[in-house]
2 protein chains.
Amino acid sequence: MCPPAMTLSTPVPLAEHRACPVTDVLNRVGDRWSVVVIVLLGGKPFRFNELHRSIEGISQRMLTRTLRGLEHEGLVSREVFPTNPPGVEYALTALGESLLVPLSALARWAVEHHGELAAKP
Amino acid sequence: MCPPAMTLSTPVPLAEHRACPVTDVLNRVGDRWSVVVIVLLGGKPFRFNELHRSIEGISQRMLTRTLRGLEHEGLVSREVFPTNPPGVEYALTALGESLLVPLSALARWAVEHHGELAAKP
DNA sequence: CAGGATCCGAATGGATACTG
DNA sequence: CAGTATCCATTCGGATCCTG
C-alpha cells in the first residue's frame, strides 16, 4: 500500500521491506510524548528539568528515552554546558523544525475538532 | 503544557484532566494502522477484505479493531448491504476527510524527508 | 464475505531508588 | 542538575480457530 504520493518517488528498498515512509515516521514520532516535546522545543530550547516541569504527566524515564530517541533520529540536538552544576540544552535541528510544520497543522486540527471526536469511556 | 495554539481556545475540561487535544488525537490515530486506513479510505470506500488485501502486513483482528475504533470515534462510517454474501463498506465521514488534510501534509513530509532520518539498527 | 473469541509474546510506559 | 538502573503492570498486536 502506501499513500499515492509514494508512487511518485519510490525507489523502494525492498531488501528488508521497511514500512512505507508514513508508517515509519509515525512509528518514530507517534509515541506518547515525542510530538509534545517537538512542539515545545519548537518555541525555544529547553533544559532537561525545564522540559520535565513543562510536560505534565511525563516520567523522568520517559523524557530521557524520548529525547534520546529524537536526538538519535536527528530531530533534536543536545548540547552540554560543562558549568557547575552541568546544564544540558535541547533544541530542534533543522530537520526537526521542518517536521514541526506539518505537525502544527495536525495540532491545529486537533484543537479545532477535538470536541467532535466521540468520547472513549 | 500543550502547544501555543491551545492557549487561544482553552476552556479546559479540568474535571477529569484529559490530555491536551494534540496528545489525545495522537493516542487515537497514532497507532500502527489507523493512519494507513484513513489515507486509503481517503481515495475511495473499501470493503473489508478489500482493505485487508490492500494493507500489507495487517492481521484480520487488527483491521477489525482499527475500523471499530475509527468508526466509534466518528472518523469512519460503516454501511452494511444485506446482499448475499453480505457486503460491508467503509468510508470516511466528513470529520475523517477533514483529518485527511493535515495527515496528507504529514505524509508529504514523510516521503520527502524519510531518507534524512537516521536508521534504527 | 465479514467478522468474533482465545491465547500469548513483545513492547510501552509508570514508579522508585540511586549517582556524578 | 541531569540523568541511569530496576521492577512491574498494562497494552498492543500477531496467530489461530470458529461462525452467520
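Because the structure is a prediction, the values reported are computed rather than measured. Every chain is numbered from 1 and lettered A, B, ... according to where its sequence line falls, protein lines coming before strand lines.
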request  = Write out all pairs satisfying salt bridge (Lys or Arg N to Asp or Glu O under 4.0 Å) with one or both partners inside residues 94-105 of chain B, taking only residues at least two apart or from two chains.
outcome  = none
Test side chain to side chain contact (heavy atoms under 4.5 Å, CB included) applied to A:L26 - qualifying residues, sequence neighbours left out = A:V22, B:V35
Set of residues satisfying side chain to side chain contact (heavy atoms under 4.5 Å, CB included) with respect to A:L95, sequence neighbours excluded = A:L75, A:T93, A:S98, B:W109, B:H113, B:E116, B:L117
Nucleic acid footprint by protein, nucleotides 9-20 of chain C - heavy-atom cut-off 4.0 Å, B for base, S for sugar-phosphate alone = ----BBB-B---
ask   = Are side-chain heavy atoms of B:L67 and B:L51 found at a separation under 4.5 Å?
value = yes
note = Closest non-hydrogen contact found for A:R28 with B:A118 is NH1-O, 3.0 Å
ask   = Got a sec? Which of residues 76-85 of chain A come in under 4.0 Å of DNA chain D, heavy atoms?
value = A:R78, A:P85
note = So salt bridge (Lys or Arg N to Asp or Glu O under 4.0 Å) across residues 38-54 of chain B, not counting sequence neighbours, yields B:K44-B:E50
inquiry  = Testing the basics here: between B:I58 and B:M62, what is the closest heavy-atom pair and its distance to 0.1 Å?
reply    = CG1-CB, 3.9 Å
Please list every donor-acceptor pair under 3.5 Å in which a side-chain atom of residues 77-85 of chain A meets a protein atom from a residue at least two apart or in another chain.
residue : atom : partner : partner atom : Å
A:S77   : OG   : A:A91   : O            : 3.4
A:R78   : NE   : A:Y90   : OH           : 3.2
A:T83   : OG1  : A:F81   : O            : 3.4
A:T83   : OG1  : A:P85   : O            : 2.9

ask   = Which pairs pass salt bridge (Lys or Arg N to Asp or Glu O under 4.0 Å) with one or both residues in residues 57-68 of chain B, sequence neighbours excluded?
value = B:R68-B:E71
query = If you walk 5' to 3' along DNA chain D, what is the first nucleotide with an atom under 4.0 Å of a heavy atom in chain A, and what is the last?
reply = D:dC1 to D:dT6
message = Checking A:T66 now: which residues fulfil side chain to side chain contact (heavy atoms under 4.5 Å, CB included) with it, not counting sequence neighbours?
response = A:W33, A:S34, A:V37, A:L70
